[in-house]
Amino acid sequence: MKKICYIVAMRAEARPFIEEFQLHEVKDYFAPYPFILYQGTVGQMELSVVLNGEQHGSDLVGCEAASITTYAAIERLHPDLVINSGTCGAFKADGAKIADIYIGNAVMFHDRRVPGDDAWGTQALGNYPLWSQSEALAEVLAFKIGKVTTGSSLDMQPIDLEIIRSNGGQLKDMEAAAIAFTCSLTHTPLLLVKSVTDLCDGGEKTFEEFSKNLSAASQALRVANTRIIYYLAEHCCQ
Ligand code: SAH
């Protein structure tokens, strides 16, 4: 594994580990698109971090931005492994706590309800493959594992909850399945690294809880990603 590429939605989620690895910004690499590339090397391994960039003064989050950023990153950088690092909601009932780190062991959409036969239902839910070594990595580095489900909203409607829980979903975000879809088209391996900003069944308002915990969760992502990057550089880079 010679090249790894992170896809991150929010600047706040990426800044701590961009600083940790002293990555430099490659100005206008994706121009005229707003995606931002940071790069550096760790041992023999090339480390790229690609952010979606901004529109209307806020970081681009959600599936559309995640899909095209991932497409551009794969086309231009040819990574051996894509890693999506970001924040998520999780469930107190599963034992999740704020700033916990999870490695995704499955991924699907929870808000694409398409009637029809099994083929349409299967396409709508996604259930895309993830890097085959995801669970092994989680075990060596002692991270929790869980199924990530993705939708286009930060809030959670009753129908979302029903679909998430009836499909074994544990972690709720707005990008992972879109990135997994794009990676699946080229069979590019994908690792999901998620940190919990809010508890979907905790009774707090999601946006307030998210905002309060974004910094702690982003620091947890820095620590987790540092361990993951050194592990990959040492064990998988040949
Ligand atoms: N208005 C917010 C925008 C963040 S949107 C702000 O001020 O910063 C939420 C981001 O965090 C998305 O990138 C999403 O992947 C992740 N996220 C965290 N908790 C989430 C949850 N409970 N549901 C969906 N996405 C969540």
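Remember, it's a predicted structure, so these values are computed and weren't measured experimentally. Values below: every heavy atom of this structure, side chains too, minus hydrogens, waters and symmetry copies.
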Of all the heavy-atom pairs spanning [X] and [Y], show the shortest one and how long it is.
| X | Y | answer |
| --- | --- | --- |
| M1 | M45 | O-CG, 4.1 Å |
| D201 | A93 | OD2-N, 3.0 Å |
| T70 | C183 | CG2-SG, 4.0 Å |
| G151 | D111 | CA-OD2, 3.3 Å |
| F109 | C63 | CE2-SG, 3.8 Å |

Flag if over 12 foreign heavy atoms under 6.0 Å of [atom1], [X]:
| X | atom1 | result |
| --- | --- | --- |
| Q22 | CD | no |
| E139 | CD | no |
| Q44 | CD | no |
| Y128 | OH | yes |
| D117 | CG | yes |

Verify, without hydrogens or angle tests, whether [X] (side chain) and [Y] (backbone) share a donor-acceptor contact under 3.5 angstrom.
| X | Y | value |
| --- | --- | --- |
| E209 | L199 | yes |
| N213 | I98 | no |
| N167 | I164 | no |
| N225 | I228 | no |
| T188 | S184 | no |
| K194 | G89 | no |
| T197 | F210 | no |
| R112 | G126 | no |

Under a 4.5 Å side-chain heavy-atom rule over Ile, Leu, Val, Met, Phe, Trp and Tyr, are [X] and [Y] clustered together?
| X | Y | value |
| --- | --- | --- |
| L221 | L171 | no |
| V107 | I83 | no |
| L77 | I68 | yes |
| Y102 | L191 | no |
| L81 | L185 | no |

From [X] atom [atom1] to [Y] atom [atom2], the distance as rounded to the nearest 0.5 Å:
| X | Y | atom1 | atom2 | result |
| --- | --- | --- | --- | --- |
| S67 | E175 | OG | CD | 10.0 Å |
| I74 | T186 | CD1 | OG1 | 4.0 Å |
| S152 | H110 | OG | NE2 | 8.0 Å |
| R76 | F35 | CZ | CZ | 10.5 Å |
| R15 | Y38 | CZ | OH | 8.0 Å |
| L214 | Q219 | CG | CD | 10.5 Å |

Measuring only between side-chain heavy atoms, which start at C-beta, is [X] closer than 4.5 Å to [Y]?
| X | Y | result |
| --- | --- | --- |
| D160 | T149 | no |
| I163 | M108 | yes |
| I103 | K144 | no |
| N127 | K147 | yes |
| V114 | W120 | yes |
| N52 | V61 | no |
| I36 | E25 | yes |
| I179 | L190 | yes |

Side-chain donor-acceptor contact under 3.5 Å, [X] with [Y]:
| X | Y | answer |
| --- | --- | --- |
| D173 | T150 | yes |
| Q39 | S48 | yes |
| E46 | T41 | no |
| N105 | S134 | no |

Open item on the list: Between K212 and E204, does any NZ, NE, NH1 or NH2 come within less than 4.0 Å of an OD or OE carboxylate oxygen?
Closed with: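 Salt bridge between E204 and K212, a charged N being under 4.0 Å from a carboxylate O: yes.
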Open item on the list: Could you work out, with ring pair (Phe, Tyr, Trp, His ring centres under 6.0 Å) as the rule, every residue matching Y6, not counting sequence neighbours?
Closed with: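 If we apply the ring pair (Phe, Tyr, Trp, His ring centres under 6.0 Å) test to Y6, skipping adjacent residues, the hits are F17.
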Task: Contacts of type ring pair (Phe, Tyr, Trp, His ring centres under 6.0 Å), residue F91, not counting sequence neighbours - done: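 For F91 there are no ring pair (Phe, Tyr, Trp, His ring centres under 6.0 Å) partners, ignoring immediate neighbours.
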TODO: Report the residue from L60, T69, D59 that forms a side chain to side chain contact (heavy atoms under 4.5 Å, CB included) with P34.
DONE: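 So the option named by the test is L60.
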Open item on the list: Is the terminal nitrogen or CZ of R227 (NZ for Lys, CZ for Arg) located under 6.0 angstrom from the six-membered ring centre of F143 and within 45° of that ring's axis?
Closed with: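 Yes; both conditions hold, so R227 lies above the ring face of F143.
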TODO: Verify whether the ring centers belonging to Y230 and F21 lie closer than 6.0 Å.
DONE: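 For Y230 and F21, the ring centres are under 6.0 Å apart.
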